[in-house]
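Take a look at the structure below.
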There are 2 protein chains.
Amino acid sequence: MELKSVAVILFLLRVPAATSGRPLAAGKPDPDDAAATARWLVAQNSWGVLSTISSDLGGSPFGNVVSFSDGVPGEGCGIPYFYLTTLDPTARDALTDGRSSFTLSEFPLGSCGKIDPENPTCAKLTLTGKLKLVDSQSSEAEFAQDALFTKHREMKDWPKNHNFQIFKLEIEDIFLIDWFGGPKPLSPAQYLNHGKELSVI
Amino acid sequence: MELKSVAVILFLLRVPAATSGRPLAAGKPDPDDAAATARWLVAQNSWGVLSTISSDLGGSPFGNVVSFSDGVPGEGCGIPYFYLTTLDPTARDALTDGRSSFTLSEFPLGSCGKIDPENPTCAKLTLTGKLKLVDSQSSEAEFAQDALFTKHREMKDWPKNHNFQIFKLEIEDIFLIDWFGGPKPLSPAQYLNHGKELSVI
């Protein structure tokens, strides 16, 4: 085994933040590992709030509750995919102005216990970027549809005449708070490449 | 008893939507009653996503997970109050551009059961308006602090040097989906006056 491999394994096994007064929930990454924590939030949640610039409301931000998936369980890619109809303002807004953010909380997962939802140790994530329609004929659309319909069984039966289409968030900025001390530095590349380290062993 | 009073009582007692194939959760208002449903979502939830226009991210919408309260339990006024610090982008954004929305879902309350979070019968609410600082010397600040600290016990112990301040959303538009058929028409006045009908009997 090469030194590089040992380093990767030590990285993966390192102990939780010694400063913690709060036990970590089973499966929750160490808060020091920003990429792992962000990817865990995306993998575990099934819904979040997708915010767009509202064309109906004079450019106000408009947050909408939506379901999403980044992959079938255990095989998430970190990119949130959505199944939206232009009967709803979010998809209409995105087609006019793609600027968007997608927000998730650890709180509904139940692992924050009695900690307040706004307490920084109850992790929260905002992915900001552009909300884009995925070409329905692409292999990405096939991946995304499988990801969505696996996590959201009823989607495949939603009304055909509502013309639901697959959208994705192209991530440009990441805001993650999972501990005291302010947002964790985390680039889109670090976030999207998380987990791929294993393939170099 | 005047006819007006009888009408009010009949209005309050009317039976749930006959079209429903889904039993309503205990305490959940009839989806036909938009004001009651919106106020119930605000009263029951303890957190939501507050979206602002991000000055850090080129005017993108930025959704942030925040705790809130509209009053002590059973005495909510419908106005969401927040306890924010300018160490966080949301408060900074609001002081530059007040345009904001606050989004809540029925899903984390547990009453949607196995229904998908994006299914229209799992209620969702977006209040859009202006996010404003509440004058700390006002009686409104006293009401809001009581509302916040009662629902969020740990807030009173949050670090003094973070300068948390009370903000509120001045509601200008309401987007509520709680059933099939698109958003329910609901004005801010109808929403805010809900429950006050009883006082005219």
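None of the values given here were measured: they were computed from a predicted structure. Lettering follows sequence order; numbering is per chain, from 1.
Residue with the most contacts toward chain A among B/G182, B/G59, B/G98: B/G59 (heavy-atom pairs, distance under 4.5 Å). When each of A/L87, A/L125, A/I53, A/L127 is scored by its heavy-atom pairs under 4.5 Å with chain B, the top score falls to A/I53. Considering only heavy-atom pairs separated by less than 4.5 Å from chain A, the leading option among B/F68, B/F107, B/F102 is B/F107.
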Below 3.5 Å only, please: all the donor-acceptor pairs between chain B and chain A, one per line.
residue: B/S51; atom: OG; partner: A/S51; partner atom: OG; Å: 2.8
residue: B/G58; atom: O; partner: A/R99; partner atom: NH1; Å: 2.9
residue: B/P61; atom: O; partner: A/S101; partner atom: OG; Å: 3.2
residue: B/G63; atom: N; partner: A/S101; partner atom: OG; Å: 3.1
residue: B/G63; atom: O; partner: A/T103; partner atom: OG1; Å: 2.8
residue: B/G63; atom: O; partner: A/T126; partner atom: OG1; Å: 2.7
residue: B/N64; atom: OD1; partner: A/K124; partner atom: NZ; Å: 3.2
residue: B/V65; atom: O; partner: A/K124; partner atom: NZ; Å: 3.0
residue: B/S67; atom: N; partner: A/E118; partner atom: OE1; Å: 2.9
residue: B/S67; atom: OG; partner: A/D116; partner atom: OD2; Å: 2.5
residue: B/S67; atom: OG; partner: A/E118; partner atom: N; Å: 3.2
residue: B/R99; atom: NH1; partner: A/G58; partner atom: O; Å: 2.9
residue: B/S101; atom: OG; partner: A/P61; partner atom: O; Å: 3.2
residue: B/S101; atom: OG; partner: A/G63; partner atom: N; Å: 3.1
residue: B/T103; atom: OG1; partner: A/G63; partner atom: O; Å: 2.8
residue: B/D116; atom: N; partner: A/E154; partner atom: OE1; Å: 3.0
residue: B/D116; atom: OD1; partner: A/H152; partner atom: ND1; Å: 2.6
residue: B/D116; atom: OD2; partner: A/S67; partner atom: OG; Å: 2.5
residue: B/E118; atom: N; partner: A/S67; partner atom: OG; Å: 3.2
residue: B/E118; atom: OE1; partner: A/S67; partner atom: N; Å: 2.9
residue: B/N119; atom: ND2; partner: A/E154; partner atom: OE2; Å: 2.7
residue: B/K124; atom: NZ; partner: A/N64; partner atom: OD1; Å: 3.2
residue: B/K124; atom: NZ; partner: A/V65; partner atom: O; Å: 3.0
residue: B/T126; atom: OG1; partner: A/G63; partner atom: O; Å: 2.7
residue: B/H152; atom: ND1; partner: A/D116; partner atom: OD1; Å: 2.6
residue: B/E154; atom: OE1; partner: A/D116; partner atom: N; Å: 3.0
residue: B/E154; atom: OE2; partner: A/N119; partner atom: ND2; Å: 2.7

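With a 4.5 angstrom heavy-atom cutoff, B/L57 touches chain A only via side-chain atoms. If you measure heavy-atom distances from B/I177 to chain A, the contacts under 4.5 Å come from the side chain alone. Using a 4.5 Å cut-off between heavy atoms, B/P183 makes no contact with chain A at all.
Every residue meeting the ring-ring contact (aromatic ring centres under 6.0 Å, His included) condition with A/F62, not counting sequence neighbours, appears here in chain and number order: B/F175.
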